[in-house]
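Hydrogens, waters and symmetry mates are skipped; everything else that's a heavy atom, side chains included, is used. Just so it is clear: chains get the letters A, B, ... in the order the sequence lines come, proteins before strands, and each one is counted from 1.
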There are 2 protein chains.
Amino acid sequence: MNPMSTQLIDYYAAEDKIHIATDCIIFGFDNESIKLLIFKRRVDPFKGQWSLIGSFVKATESVNDAAKRVLTEITGLENVFMKQLKVYGGVDRDPGARCITVGQYALIRIEEQDKTLVEKHGAVWHDLHEIPDLVLDHNTLVKDALVQLKLKASYQPIGFELLPKKFTIPNLQRLYEAIYQKKFDDRNFRKKIIALDVLTKLEEKDKSTSKKGAFLHKFNKEKYNKLVNRGINFRL
Amino acid sequence: MNPMSTQLIDYYAAEDKIHIATDCIIFGFDNESIKLLIFKRRVDPFKGQWSLIGSFVKATESVNDAAKRVLTEITGLENVFMKQLKVYGGVDRDPGARCITVGQYALIRIEEQDKTLVEKHGAVWHDLHEIPDLVLDHNTLVKDALVQLKLKASYQPIGFELLPKKFTIPNLQRLYEAIYQKKFDDRNFRKKIIALDVLTKLEEKDKSTSKKGAFLHKFNKEKYNKLVNRGINFRL
DNA sequence: TCAAAAGTGTTACAAATACACCCATGT
DNA sequence: ACATGGGTGTATTTGTAACACTTTTGA
């Protein structure tokens with residue numbers, strides 16, 4: 001492939017060029033706790049150590065496409081919610097070479113079918129609150145992403161990305177509790193969520209976690225998207 | 001200067017390198033309205049057209065340092081509040097060459113002494129709500145930065161960066177009104193701001209905008225910083 | 001004396017919090 | 001029959017929103 005397919009000349013030829021990578025902070029939820037996807041780095045330096053999943057950005061692809069590429073490769077998922085976190089642009093952050101990275105965080109639901117693919121790539125879902133030492137500044141990226149996730153959850157509905165299509169209100173509550181690391185009052189949580197008016201209650205019950213069973217719900221995508229734009233005020 | 005002062009070899013030599021720039025969305029406040037600093041681009045392509053102020057990131061400097069360098073050069077200010085907005089990483093965003101840019105927005109108060117320096121560089125403070133066409137995707141950066149600024153103002157106190165050391169409560173109100181493009185009720189605004197408990201009322205009055213004069217206030221930096229960390233809930 | 005901005009309080013309404021018991025059902 | 005998680009209502013407090021008049025003083 002022609003590495004400069006769309007440009008014939010480089011007006012900026014006198015300027016420096018730098019390696020640019022993107023690293024994905026992939027959060028997953030398995031209806032119990034929030035997990036982070038990490039894997040063993042495959043290139044030197046630090047080959048074999050725990051790392052976020054990332055890749056260099058090619059001259060012919062956008063930064064977003066690079067992240068999508070990585071994400072699809074490892075998880076098999078497409079159209080994943082992903083958002084830029086921050087650029088880590090320090091001169092000495094990578095002893096391998098000057099390399100700037102764009103941190104991007106993704107939210108996905110952990111489901112059985114994906115697990116096998118993840119494992120095939122040597123990746124593991126690791127409990128968010130006991131992450132091992134990662135290469136470079138990756139622990140910082142994770143910390144920053146978690147702050148961002150909490151912030152996001154406070155002004156936008158979250159959950160569409162992390163929960164299965166059908167879920168119970170206790171499921172949703174456990175998700176928020178996992179994000180904030182804090183227990184919420186059942187009655188107030190339920191009241192607030194229902195007041196948002198984005199859930200459709202189904203007839204069906206999920207009996208996997210109790211004998212009585214809990215009613216399943218689904219998101220009303222239209223109302224949900226409106227709420228994403230309008231913003232919420234979720235301070236529990 | 002040795003362009004690889006801290007690294008002897010490039011482990012990633014097989015990977016692409018890309019031009020990387022940073023563009024600053026510099027918001028200023030002159031106690032009346034929010035302004036944006038733009039200038040006439042000095043390099044081809046699009047030489048002479050309106051543009052944000054930016055620069056290429058050198059192999060030997062961090063992305064943040066690059067932005068600071070530009071900002072100091074044009075405004076003469078150091079230690080300016082600056083925050084990353086987003087990376088614009090599309091393949092074809094710049095016809096000059098493949099170039100990724102990091103948008104960073106800055107908040108500064110517009111004061112007389114800086115004005116001359118700004119003019120010397122051919123830069124102008126332009127009213128935020130009638131920005132001309134800018135080069136590349138710079139209008140998008142401005143739009144995104146404004147969204148970010150509004151969001152930030154809603155969960156963190158803002159104003160330390162944009163207001164002079166001594167300011168009146170109506171000054172502060174005009175700042176928020178300029179950001180949100182919306183009038184607030186005097187009494188409620190004052191009540192809410194005072195309830196935040198970050199202002200120290202001075203004896204002095206500012207009579208520049210009224211015959212009666214308005215009491216000057218200053219921020220209590222400690223309490224202000226605590227509030228930045230704790231977060232506020234400013235939805236007027 | 002009057003125009004123009006600064007400053008001040010109260011009431012009504014909405015939202016957040018705290019809190020305790022009954023329900024359904026599989027074992 | 002009992003243990004387990006699901007589900008419900010109310011009172012209190014807190015915060016937000018709406019609203020009109022008096023004060024000061026330079027021109």
Without decimals, in angstroms, what is the distance between [X] [atom1] and [N] [atom2]?
X: A:Gln173; N: D:dG7; atom1: CD; atom2: P; value: 11 Å
X: B:Asp206; N: C:dA5; atom1: CG; atom2: P; value: 13 Å
X: B:Arg187; N: D:dC21; atom1: CZ; atom2: C1'; value: 9 Å
X: B:Lys207; N: C:dA3; atom1: NZ; atom2: P; value: 20 Å
X: B:Asn233; N: D:dT16; atom1: CG; atom2: P; value: 6 Å
X: B:Asp186; N: D:dT22; atom1: CG; atom2: P; value: 17 Å
X: B:Phe234; N: D:dG15; atom1: CZ; atom2: P; value: 15 Å
X: A:His217; N: D:dG6; atom1: NE2; atom2: C1'; value: 11 Å

From [options], pick the nucleotide closest to the side chain of [X]?
X: B:Lys211; options: D:dG9, D:dG6, D:dT25; result: D:dT25
X: B:Thr209; options: D:dC19, C:dA5, D:dT25; result: C:dA5
X: B:Pro170; options: C:dA6, D:dC19, D:dG7; result: C:dA6
X: A:Asp185; options: C:dA6, D:dG6, C:dC19; result: C:dC19
X: A:Lys212; options: C:dC23, C:dA6, C:dC19; result: C:dC23

Sidechain-backbone polar pair: A:Lys83 side chain, A:Leu107 backbone, donor-acceptor under 3.5 Å
no

Side chain of B:Asp65, backbone of A:Gly90: donor and acceptor closer than 3.5 Å?
no

Any N/O donor-acceptor pair, A:Lys191 side-chain to C:dT17 base, under 3.5 Å:
yes

Tell me if the side-chain of A:Asn188 makes a donor-acceptor pair with the base of C:dA18, cut-off 3.5 Å, by modelled atom types.
yes

Hey, do the aromatic rings of A:Phe81 and A:Phe160 have their centres closer than 6.0 Å?
no

Specify the closest pair of heavy atoms between A:Leu134 and A:Ser51, including all atoms of both residues, with the distance to one decimal.
CD2-N, 4.0 Å

Determine, stepwise, if the pair A:Glu177 / A:Lys183 fulfils salt bridge (charged side-chain N to carboxylate O under 4.0 Å, His left out).
CA-CA 6 Å; A:Glu177 289 175 344; A:Lys183 283 264 164 213; 3.7 Å; yes

